[in-house]
Visitor: 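Take a look at this one; I'll ask things after.
Each chain gets a letter, A, B and so on, in the order its sequence line appears, and its residues count up from 1. No hydrogens, no waters, no symmetry mates; every other heavy atom, side chains included, goes into these values.
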Number of protein chains: 2
Amino acid sequence: MAARTTGGRVTRRRVRTRADLLDAAFAVFAAKGFGHVSIEEVCQAAGYSRGAFYSNFDSLDELFFALYRERAELIAEQVSGALAVDGPDLDVPAAVDRVTEVLLLDRDWLLVKTDFLVHAARDPAVARTLLEHRARLRRAIADRLGRARGHCALPAVLGDADGAAHAVVAAYDGVTTQLLLDGDVARARGWLKQLLTALLTDGSGTTARAERIV
Amino acid sequence: MAARTTGGRVTRRRVRTRADLLDAAFAVFAAKGFGHVSIEEVCQAAGYSRGAFYSNFDSLDELFFALYRERAELIAEQVSGALAVDGPDLDVPAAVDRVTEVLLLDRDWLLVKTDFLVHAARDPAVARTLLEHRARLRRAIADRLGRARGHCALPAVLGDADGAAHAVVAAYDGVTTQLLLDGDVARARGWLKQLLTALLTDGSGTTARAERIV
DNA sequence: ACCTTCGGATACATCGGTGTATCCGATACA
DNA sequence: TGTATCGGATACACCGATGTATCCGAAGGT
């Protein structure tokens, strides 16, 4: 049994070890991809023996899951923060800038996240977790969009703010794919900005337009 | 050496075996994901021994690569075909229907393709191959869009037809991600239709609008 | 039909990873 | 500071996958 459910001693050494293992795992997973990584490798990268691993986790899957949860939580907070900066009115380009900063900057995270997606695509239980996480993000976006609705009209094709949020997430996912392949962050940010502008404005120039980057 | 470069006998038994292995590999990869699959498993699924495998391929990677090439080629042809149906004028909704039919119907293919993406994201050489493939598709789309340009104006934010093609591919990738998670093909097609409509029309109703599905 | 070449099967040696049982130094609490 | 518990290290037995060398039946040419 790895997860300390019983309320024994706190043992700060343990939490340190666990954190070290998670950090090392992040690096190793990003570099080689889940599925091409052995427990041994993670331990070696973290500077611990396999005994330490089994004392903290039951399996590679469990560690991978824990790792994803941790980082995803972090990102979600950052995104919420970036969306909450403005007042009641929404400055679309500025918000897009801040959000892409958080979402597209860390290539390692994108790699791990995609690995997790692939994992989830084959395991309904995992998929549900990921879907919930995405739904939370979408709700945050829809709320933000809704609050600024009077200010900038959304194109009718997308339906309500929720539909628009879906579109935003899809755009983000699409750009992520391209970024994973060419590794060009600046370009990706440019594309994302364009896409979001095209999606969130009615095309008649109500809100600011992104300049073309390419 | 596996690849028959020397011009020896043709041996139709060999091509059959190779095809069987590729088919079995497709099923196994789709089910378990590259990285969680052993050579042994593929052989077992195909009904051959490992000797047959090593006689046809050098490694799992090589087989995976060959598999991807084969299927990607197939899909590319189908998409080109679907785009070529119309006359000089482009019927956007109809074309979208036909293309999504090809692109979103086969979940197994999406799974394998995503595995390949993950693979490519960590290997520049592989990434180049995939990028070229995507560029070909994009060009086909841009051509099609360009031919119909007079008919339906593109929104200015996306720039030229090439920019629009980029956007189309991004939308497709974004919807794919969602589809991988919830497995709802009908919904995915609806979203894709909406997204493309939002992206490819100027929002003033020049071309037909997709009805909301959700 | 022959026989040469080919292709897949079988057997074997090896290796790396896994999980577990046990041990000993570290750590928290009195 | 003593001590009971904890946490990570070490050692071991095991398994499954790998790659190769060899063998024999199958296919194709003449």
Visitor: Under a 4.0 Å heavy-atom cut-off, which of residues 29-47 of chain A touch DNA chain D?
Guide: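 Output list: empty, so none.
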Visitor: Please list, chain by chain and in numerical order, all residues satisfying side-chain contact (heavy atoms from CB on, under 4.5 Å) with S38(B), sequence neighbours excluded.
Guide: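 Result, side-chain contact (heavy atoms from CB on, under 4.5 Å) vs S38(B): E40(B), E41(B).
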Visitor: How would you list, by chain and number, every residue that makes a side-chain hydrogen bond (donor to acceptor under 3.5 Å, both in side chains) with E73(B), sequence neighbours excluded?
Guide: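 Expected list: none.
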Visitor: Between P on dA17(D) and CZ on F53(B), what's the gap in Å once rounded to a whole number?
Guide: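 Taking atom P of dA17(D) as the reference, CZ of F53(B) is at 14 Å.
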Visitor: With the criterion being N/O to N/O and under 3.5 Å, what pairs connect the protein with nucleotides 13-15 of chain D, and how long is each?
Guide:
none

Visitor: Output all residues satisfying side-chain hydrogen bond (donor to acceptor under 3.5 Å, both in side chains) with D123(B), sequence neighbours left out; order by chain, then residue number.
Guide: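 D123(B) satisfies side-chain hydrogen bond (donor to acceptor under 3.5 Å, both in side chains) with no residue once adjacent residues are dropped.
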Visitor: Mind checking ring-ring contact (aromatic ring centres under 6.0 Å, His included) for H36(B) and listing every partner two or more places apart, or none if nothing turns up?
Guide: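 Checked H36(B) against ring-ring contact (aromatic ring centres under 6.0 Å, His included); matches are F34(A).
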Visitor: Applying ring-ring contact (aromatic ring centres under 6.0 Å, His included), name anything that partners F116(B), two or more places apart in sequence or on another chain.
Guide: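 ring-ring contact (aromatic ring centres under 6.0 Å, His included) list for F116(B), sorted by chain: F64(B), F65(B), Y68(B).
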Visitor: Could you tell me which residues satisfy side-chain hydrogen bond (donor to acceptor under 3.5 Å, both in side chains) with E70(B), sequence neighbours excluded, listed by chain and number?
Guide: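 Here no residue qualifies.
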Visitor: Angle between the end axes of the helix from dA1(C)-dT30(D) to dA30(C)-dT1(D), five pairs per end, to the nearest 10 degrees?
Guide: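 About 30° separates the two local helix axes.
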Visitor: Just to verify, what does D143(B) make a salt bridge (Lys or Arg N to Asp or Glu O under 4.0 Å) with, not counting sequence neighbours?
Guide: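 In terms of salt bridge (Lys or Arg N to Asp or Glu O under 4.0 Å), with neighbours along the sequence ignored, D143(B) is linked to no residue.
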Visitor: Which residues pass the salt bridge (Lys or Arg N to Asp or Glu O under 4.0 Å) test with D182(B), sequence neighbours left out?
Guide: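 Result, salt bridge (Lys or Arg N to Asp or Glu O under 4.0 Å) vs D182(B): none returned.
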Visitor: For T17(B), enumerate each residue passing the side-chain hydrogen bond (donor to acceptor under 3.5 Å, both in side chains) test, keeping only those at least two apart in sequence or located in another chain.
Guide: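 Per chain and number, T17(B) pairs via side-chain hydrogen bond (donor to acceptor under 3.5 Å, both in side chains) with no residue.
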